[in-house]
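Just below is one structure, and these are the notes that go with it.
Just the heavy atoms: all of them, side chains too, but no hydrogens, waters or symmetry mates, feed the values below. Order of appearance sets the numbers: ligands from 1, and atoms from 1 within every ligand.
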Amino acid sequence: MTTAFDFFSASRILFGPGGIQQLGSLTAELGRTALLVTNAGQPGDGGVVDQAAGLLYEAGVGVVVHRQRGEPTVRDIETALETARSFRCQTVVGLGGGSALDTAKAVGGLLAHEGGPLDYLEVVGRGRKLHSPATPWIAVPTTAGTGAEVTRNAVIGVPEQGFKASLRSELLLPRIALVDPELAVSVPAAVTARSGMDALCQLIEAYTSRGAQPITDALARDGIGRAARALPRAVADGQDRDAREDMALAALFSGIALTNAGLGAVHGFAAPAGANYPIPHGTVCARLLPPVVAANAAALAAESANHPLLDKYRQLGRLLTGRTDLPDNQAIEAGVRFLEQLVEQLEIPRLSDFGLRPEGFAPLIARARRSSSMRYNPVTLSDTALEAILRHAC
Ligand SMILES: [Fe+2]
């Protein structure tokens, strides 16, 4: 067997508690005026936005605050881009969850190009190729989830088409990913739970993806065990610094893994589900993960009882449960059961709570098949299997 791969990440990853204190000096090296894109609160609430703005001012950086509400749409990106252009921002700081980081990423990228998001968006846009490096930008995640600080795509909603698509290029990667696990300490339990499930899901989908490669596998194996142990603790006690640190690492690893290996059916569904129903991304991922893992393993076993990928599903069961001694004939089932119990323990709502009904399954399946993540699923799932997955999550 030969091994060949291509690997991208942020130019620099600064990880550690208290790292936010370096935001001012790091940003000052990139520009005199920064667009601060955030969904981590609002100016004046005494929280992390004020702290970040204060650090930037102290370092002599002019700050234009742009609040991103919810997951970004094409319109949101156009507005943020107009603001950045009109204030002649030379750099962008993304501070918050995946929605803020993806908005900052898209703006950083588009600032270095003519035109707007629809010119470059894949699937639903003109799909032109980004050709210049993004305006140097800094990603500061405040929730441990999407890993957007190290991914090369920004997920953007197109509400008119009921779809989410990506602006994608390695040129979009941030100059610096500044990961301070302490920023997540004040994140509420429900957000911690669903963001953490997104990270765990991304690690698992990247590990079993058709695009998996040795570097991403190593990160995924480490991250899966870390998240399985730390997530219940971080949700039960937000002040648990060790659990927060493990989740920040798991999320970081998940971003590096997914952007280099691709994902799978869970994320294939997540884009159209999130665009058509008011379901947070992490909630979709959490509810779909156990049935997708079970369906993939079953479909691979149906192809061949000795399918080489089945060994990864057995490893997954051992990593999740922490039981390295699990025999081959029990490991996959034990992994699925672990995920089922975790989703219940974390009180993740069902997709039916957001209005998904059986009559909505067929259009969702049709849209999921168009999504780029679906192509990386380790096996092609039938419509019947995809329907059973949705029924299980409702
Ligand atoms: Fe995700």
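For the 3.5 Å distance criterion, the side chains of Gln213 and Asn260 fail to qualify, holding no donor opposite an acceptor.
At a threshold of 4.5 Å between non-hydrogen side-chain atoms, the residues Leu110 and Leu167 count as touching.
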Report task. Could you walk me through whether Arg287 and His392 pass the side-chain contact (heavy atoms from CB on, under 4.5 Å) test, one step at a time? Result -> CA-CA 8 Å; Arg287 276 289 165 191; His392 192 281; over 6 Å; no
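Tyr207 carries Lys312 over the face of its six-membered ring, with the cationic atom under 6.0 Å from the centre and within 45° of the normal.
His267 contributes NE2 as its N, O or S atom closest to the Fe ion (ligand 1). Among heteroatoms of the N, O or S kind in Asp198, OD1 lies nearest the Fe ion (ligand 1).
The distance from the Fe ion (ligand 1) to the nearest N/O/S atom of His281 is under 2.8 Å. Between the Fe ion (ligand 1) and Gln202 there is an N/O/S contact shorter than 2.8 Å.
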